[in-house]
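Throughout, numbering of the chain's residues begins at 1 and tracks the sequence.
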Amino acid sequence: MAPTDGQRATTLSDVARRAGVSIATASKALNGRGDVAPATRKRVLAAADELTFTPNAAARSLLAGRTGTVGLLTSDLEGRFMIPILSGAEDAFGAGQVNVFLCDARGDAIREQHHLRALLSRRVDGIIVVGRQTDPRPSLGQEIPVPVVYAYSPSDDSRDLSLTPDNYSGGRLGIEHLLSCGRTRIAHITGDPTYAAAQDRLAGARAALGAAGLDFVAEPMFAAWTEHWGRDAAAMLLERHPDVDAVFCGSDQIARGVLDTARDLGRDVPGDLAVIGYDNWELLAGNARPPLTTIDANLQQLGRQAAQRIFDAIDGADIGSGTHQLPVKLVIRGSTIAHR
């Protein structure tokens with residue numbers, strides 16, 4: 001039965017749900033692809049007939065097969081997190097094999113919907129949604145006719161697949177490294193307390209300290225993700241607690257500020273003060289004085305995995321749902337261990 005006014009049109013997702021298969025499998029069955037079991041194809045065709053399914057323009061693009069294009073929808077075009085994720089995705093796609101359409105929503109929901117419609121009109125094979133922080137973001141919905149994977153910022157809908165760095169483990173790694181260097185009077189300077197990343201990293205750090213029977217020498221200091229805050233916070237910290245022997249920072253920018261103040265106050269890094277950052281932003285960490293030990297969020301690997309999940313979904317695999325936290329790693333440089 002065709003939809004009447006005010007009644008929602010049947011979508012490919014409805015057909016897949018009725019047949020009990022993925023959207024990609026439903027598209028293959030309706031398109032006559034040979035890699036679908038006969039019983040599955042029969043079930044999909046029956047569901048489409050029962051629902052009087054008429055593909056819209058976006059759904060027809062999926063039925064027609066791959067176009068060799070993927071959309072990357074972001075709110076982080078300045079590139080702090082998006083560029084390494086894009087780089088990893090392109091590695092997985094293969095040079096010249098898949099074209100990536102990059103759209104910047106600038107954090108605006110209306111602009112995001114405009115870009116989404118534009119990507120679907122271009123018949124992209126899938127969409128990777130990249131946020132600029134690890135707080136959950138609104139889902140694009142369940143009616144998108146192509147696979148969608150959320151990277152860095154997880155979707156707020158557990159039916160979506162989201163990949164995000166494990167910031168809790170990152171906090172633990174940072175503190176465990178400082179403890180292994182013999183540091184016991186450790187402080188924490190971090191960014192905006194409303195960010196999930198700030199709270200997750202702090203929780204992991206506290207857990208590592210607690211396991212060693214320790215706590216921070218001062219209450220964690222929150223404010224902005226900037227070098228300026230790092231400089232000011234370090235000045236206050238070292239004045240009030242001159243016996244601090246290590247500072248775990250919530251970002252590389254903050255850590256660079258801490259290094260500046262330590263140098264201004266004549267504190268030797270890493271001799272009597274070890275400093276560790278977070279993010280492994282090469283431009284900052286590698287050029288710091290001394291080079292900055294930091295936690296790498298493995299964003300390129302995150303991008304590669306997001307792209308691979310898109311491929312898997314297009315091939316009809318069930319890529320799962322929910323939020324998956326990917327491993328992070330410690331990168332040791334001269335701010336915690338002196339070079340010989």
Discussion item. If you define the side chain from C-beta out and look only at heavy atoms, does anything of Asp232 sit under 4.5 Å from Thr261?
Written reply: no
Practice prompt. Check for a donor-acceptor pair, side chain of Asp125 on one end and backbone N or O of Gly68 on the other, with a separation under 3.5 Å.
Written response: yes
Discussion item. Any carboxylate oxygen within less than 4.0 angstrom of a Lys/Arg side-chain nitrogen, looking at Arg185 and Asp243?
Written reply: yes
Item to complete: Please report the C-alpha distance between Gln305 and Leu326 in whole Å, then the side-chain angles of each, then the deciding distance to 0.1 Å, and finally whether the side-chain contact (heavy atoms from CB on, under 4.5 Å) criterion is met.
Response: CA-CA 10 Å; Gln305 289 212 23; Leu326 303 188; 4.0 Å; yes
Worksheet item: About how many Å separate CG of Leu265 and CG of Leu238, when rounded to the nearest 0.5 Å?
Response: 6.0 Å
Worksheet item: Below 4.5 Å, heavy atoms only, C-beta onward: do Asp135 and Ser153 meet side chain to side chain?
Response: no
Item to complete: Could you grab the distance from atom CD of Gln113 to atom CD1 of Ile110, nearest 0.5 Å is fine?
Response: 9.5 Å
Worksheet item: Nearest heavy-atom pair of Gly107 and Ser75: which atoms, and what distance?
Response: N-CB, 3.5 Å
Worksheet item: So which heavy atom on Leu237 is nearest to which on Ala187, and how close?
Response: CD2-CB, 3.5 Å
Practice prompt. Identify whether Val70 and Leu161 are in the same connected component of the hydrophobic contact network (ILVMFWY, side-chain heavy atoms under 4.5 Å).
Written response: yes
Worksheet entry | Value rounded to 0.5 Å, distance of CG in Asp192 from OG1 in Thr226 | 11.0 Å
Worksheet item: Do His177 and Thr336 get their side chains close enough for a donor-acceptor pair, meaning under 3.5 Å?
Response: yes
Worksheet item: Does the His188 side chain pair with the main chain of Phe248, one donor and one acceptor, at a distance under 3.5 Å?
Response: yes
Worksheet item: How far apart are the closest heavy atoms of Leu214 and Thr184, and which atoms are they?
Response: CD1-O, 4.0 Å
Worksheet entry | Backbone of Ser321 reached by a side-chain donor or acceptor of His324 within 3.5 Å | yes
Discussion item. If the threshold is 4.0 Å, N to carboxylate O, is there a salt bridge linking Asp272 and Arg183?
Written reply: no
Worksheet entry | Backbone of Pro327 reached by a side-chain donor or acceptor of Asp166 within 3.5 Å | no
Discussion item. Do Met82 and Leu299 have side chains that approach each other closer than 4.5 Å (heavy atoms only, starting at C-beta)?
Written reply: no
Worksheet item: Would you say the side chain of Leu202 lies within less than 4.5 Å of the side chain of Arg206, judging by non-hydrogen atoms?
Response: yes
Discussion item. Same cluster or not: Leu292 versus Leu178, using hydrophobic residues (I, L, V, M, F, W, Y) connected whenever any side-chain heavy atoms lie under 4.5 Å apart?
Written reply: no
Worksheet item: Does a donor on one side chain sit under 3.5 Å from an acceptor on the other, for Ser87 and Gln300?
Response: yes
Discussion item. With a 4.5 Å cut-off on side-chain heavy atoms, are Ile144 and Leu120 touching?
Written reply: yes
Worksheet entry | Asp260 and Arg289 ion-paired at < 4.0 Å | no
Item to complete: Indicate yes or no for a side-chain donor-acceptor contact from Ser335 to the backbone of Val275 under 3.5 Å, with no hydrogens or angles considered.
Response: yes
Discussion item. Looking at every non-hydrogen atom in both residues, tell me the closest pair between Pro193 and Ala223 and how far apart they are.
Written reply: CD-O, 4.3 Å
Worksheet item: Is Leu302 close to Pro165 at the side-chain level, that is, under 4.5 Å between some pair of heavy atoms?
Response: yes
Discussion item. Looking at Asp156 and Ser139, would you say the former's side chain and the latter's main chain have a donor-acceptor pair under 3.5 Å?
Written reply: yes
Worksheet item: Does Tyr150 reach the side chain of Leu140, with side-chain heavy atoms less than 4.5 Å apart?
Response: yes
Item to complete: Give a yes or no answer on whether the side chain of Arg43 reaches the backbone of Ala19 with a donor-acceptor pair at less than 3.5 Å.
Response: yes
Discussion item. Tell me whether Arg137 is salt-bridged to Glu112, with the criterion being a basic N under 4.0 Å from an acidic carboxylate O.
Written reply: yes
Discussion item. Under a plain distance cut-off of 3.5 Å, with no hydrogens placed, do Tyr278 and Asp296 share a side-chain donor-acceptor pair?
Written reply: no
Discussion item. A quick test of your reading: do over 12 heavy atoms of other residues, nucleotides or ligands sit less than 6.0 Å from CZ of Arg106?
Written reply: no
Worksheet item: Can you name the closest pair of heavy atoms from Leu273 and Ala246 and give their distance?
Response: CD1-N, 3.7 Å
Worksheet entry | Approximate separation, where rounding is to 0.5 Å, of Phe81 CZ and Thr134 OG1 | 8.5 Å
Worksheet entry | Approximate separation, where rounding is to 0.5 Å, of Ile337 CD1 and Ser180 OG | 6.5 Å
Worksheet, complete the sentence: Value for OH (Tyr168) from CZ (Arg201), rounded to nearest 0.5 Å, stands at 15.0 Å
Worksheet item: Checking Trp229 side chain against Thr190 main chain: does a donor-acceptor pair fall under 3.5 Å?
Response: yes
Worksheet item: If you count the non-hydrogen atoms of other residues, nucleotides and ligands that lie under 6.0 Å from NE2 in His114, is the total more than 12?
Response: no
Worksheet item: Going by atom types alone, do Gln253 and Arg256 pair a side-chain donor with an acceptor below 3.5 Å?
Response: no
Worksheet item: Side-chain donor-acceptor pair under 3.5 Å between Asp104 and Thr74, yes or no?
Response: no
Item to complete: Taking atom types as modelled, find out whether Asn280 and Arg333 have a side-chain donor-acceptor pair closer than 3.5 angstrom.
Response: yes
Practice prompt. Please check if Tyr152 and Trp225 belong to a single hydrophobic cluster, counting links between Ile, Leu, Val, Met, Phe, Trp and Tyr side chain heavy atoms closer than 4.5 Å.
Written response: no
Item to complete: Evaluate the side-chain proximity of Val247 to Ile189: yes if any heavy-atom separation is below 4.5 Å, no if none is.
Response: yes
Worksheet item: When you check the side-chain N and O atoms of Asp160 and Gln142, is any donor under 3.5 Å from an acceptor?
Response: yes
Fill in: Verdict with reasoning, Asp245 to Arg267, per salt bridge (Lys or Arg N to Asp or Glu O under 4.0 Å)
CA-CA 10 Å; Asp245 63 11; Arg267 299 292 295 264; over 6 Å; no
Worksheet item: Do Leu163 and Val130 belong to the same hydrophobic cluster, where Ile, Leu, Val, Met, Phe, Trp and Tyr are linked whenever their side-chain heavy atoms lie under 4.5 Å apart, directly or via other members?
Response: yes
